[in-house]
Amino acid sequence: MRRIIFFFLSSFFTTCFAFEKIPTQELLLNYLENDIELQNLTLEAKSAALSLDYAKVSNGFDVTISSGSVLLNLNDDGTKLSATPSVKMSLPQASGLGISAQTDLLLEGDSREVSDSSISAEIDLISTTTLARKVSLLKAERSYQESLRSLQKRAYEAEIEFYTELEDLLSSIKILIKAEQTLYSDTIDFDSVKAQGYSESSSTYRLAQMQVLSDKHSVESYLRELIRDYVIFYKKCGYDISLEVNLDYLQLIPDDFEKCQAVNVQDFEKSSYSKIEEALWTNKINSMERRTNSIFTLSANSGYTFDNSSTDSDTVDAGLSAAFSGLSVNAGISLPVSSSSSPAISMGFALSPSTFKKNSIEKKQASIAEEEELLDIQNAEYEYETYLVTAEQNLESILWESQTAKENYEMYSKLADDLEAWYKMGIVTESEYLSAKTNAEMYQVEILMDMLEIIIYNDEIKSNFVTLEENEA
């Protein structure tokens, strides 16, 4: 299946030829290659992969080099250039660690003056930055994962559509066989009327004759419909074919179906049922996201400033900033290296009373959202139990019909062999022999249809579960 999902041709061609049976797997591959929705989902998966790479870069190590504001003065006294170059580095995965360095540079004539040069580091002591980064990456990974799942699910759906169309064609063949059975049965009745000596002008003779002619017309009509449907089906698979009305329709029956065993729905992990997995994921990521809305944060910074203009000396700098709901405070100190200078202290605060009320409301909303997510998990588990019963009952019905078709085929096949021998001996009529033969053919087609039902059943089961690799991703 994965080979089929990810293999698409850049262009598609059709081939015109007199009818020649194409291997079913080749028809399936071409059918999937021509599926526009699969092609669109393939592009979406590629786009999601790029978005994931972008998110990894955005949430990883970053360096910014800046010249700052550059001022250039040209006058008669000479050239004057001032700038504030800086370098900033951040490492979000290390508790929001940030390192920066900057300086004030003045070039005037042949002289150069450097002041307020500093290097500092900042780190979150109590913060949700790291968790928020993780949530962002997990969402990006999930988006990519879901794009692949959508692609795989569509591949299963397209394969089901292919086999359903093929099954419909076999069903049409069954209808045609039944029409032939009716023709043979009415032909036997007509032969009986003729054997009883009815004249060609009698109503009994003419009604029996008209019934046979009507049956022949029905057979031809069903055959034309079958040919039309086959031509359309092959066109969907990328082939242009032509079929003659006098074609032996039994040649259209595929003979390369691979018998496969029905999957056991109980073999799939309950947690990998797509609706349960989705509900669990939603609760997990939303719970993490709710934890990022912390009402208390604390961060610290430290650094060294060369020739600090606030103290006229080199200083060692340190500071703290904290926020609690609607209140934020910060404080900093610059300690001069020279004993002749005094330290510089800075502080400030901000208060937003409405933030306290909004945080209280958000907390209640988060609690309700948590309860809703838990209900979604319970509902998904209930749907899973119902799905198990439905799947097992459907499989039981398919297997019973398959076994019945095999038994009937064996019975009618043996009867057809016997009647063929008796027909050659002149004991039974050709119509009687052909009636038994078409019965055997009808159940032979039924066996093939039941094989397709197993394939469709397997695809439907697999499409409702995520694979182990995906579940662990």
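Values below: every heavy atom of this structure, side chains too, minus hydrogens, waters and symmetry copies. Counting from 1, the numbers follow the sequence of the chain as shown.
Lys178 pairs by the salt bridge (charged side-chain N to carboxylate O under 4.0 Å, His left out) definition with nothing, not counting sequence neighbours. Judged as a side-chain hydrogen bond (donor to acceptor under 3.5 Å, both in side chains), and not counting sequence neighbours, Tyr412 has no contacts. Every residue was checked against the side-chain hydrogen bond (donor to acceptor under 3.5 Å, both in side chains) condition with Ser147, not counting sequence neighbours, and none meets it. The side-chain hydrogen bond (donor to acceptor under 3.5 Å, both in side chains) search around Glu373 returns Asn283, Asn286, Arg290, not counting sequence neighbours. For Glu381, there are no salt bridge (charged side-chain N to carboxylate O under 4.0 Å, His left out) partners at least two apart in sequence or on another chain.
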Would you give me the side-chain donor-acceptor pairs under 3.5 Å for residues 395-404, sequence neighbours excluded?
from	atom 1	to	atom 2	distance (Å)
Gln403	NE2	Glu407	OE2	3.3
Thr404	OG1	Trp400	O	2.9

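Within a 6.0 Å sphere centred on CD of Glu244, other residues, nucleotides and ligands contribute 12 heavy atoms or fewer. Atom NZ of Lys194 has more than 12 heavy atoms from other residues, nucleotides or ligands within 6.0 Å. The environment of Tyr423 atom OH is sparse: at most 12 non-hydrogen atoms of other residues, nucleotides or ligands sit within 6.0 angstrom.
Here the side chain of Ser172 pairs a donor or acceptor atom with the backbone of Asp168 at under 3.5 angstrom. Here the side chain of Ser192 pairs no donor or acceptor atom with the backbone of Ile188 at under 3.5 angstrom. Put simply, the side chain of Lys153 gets close to the backbone of Ser463: a donor and an acceptor are under 3.5 Å apart. One N or O on the side chain of Asn458 and one on the backbone of Val263 form a donor-acceptor pair closer than 3.5 Å. When atom types are taken as modelled, the side chain of Thr390 and the backbone of Thr386 share a donor-acceptor pair closer than 3.5 angstrom. Put simply, the side chain of Lys21 gets close to the backbone of Gln251: a donor and an acceptor are under 3.5 Å apart. Using a distance-only test at 3.5 Å, with no hydrogens or angles considered, no donor-acceptor pair links the side chain of Asn408 to the main chain of Tyr443. Looking at Thr42, its side chain does come within 3.5 Å of a backbone N or O of Leu38 through a donor-acceptor pair.
Taking the six-membered ring for Trp and the full ring otherwise, the centers of Tyr205 and Phe190 sit less than 6.0 Å from each other.
The pair Glu277-Arg149 meets the salt-bridge criterion, since a charged nitrogen lies less than 4.0 angstrom from a carboxylate oxygen. Of the charged side-chain nitrogens involved, at least one lies within less than 4.0 Å of a carboxylate oxygen, so that Arg154 and Asp35 count as a salt-bridged pair. We find that Lys216 and Glu220 are not joined by a salt bridge, their nearest charged nitrogen and carboxylate oxygen being 4.0 Å or further apart. Under a 4.0 Å N-O distance rule, the pair Lys414/Glu410 does not qualify as a salt bridge. By the 4.0 Å N-to-carboxylate-O rule, Lys437 lies too far from Glu420 to be salt-bridged with it. One finds no salt bridge joining Glu289 and Lys134 here, because no Lys/Arg side-chain nitrogen approaches an Asp/Glu carboxylate oxygen to under 4.0 Å.
Between Phe268 and Phe465, the ring-plane angle classifies as parallel under the 30° and 60° cut-offs.
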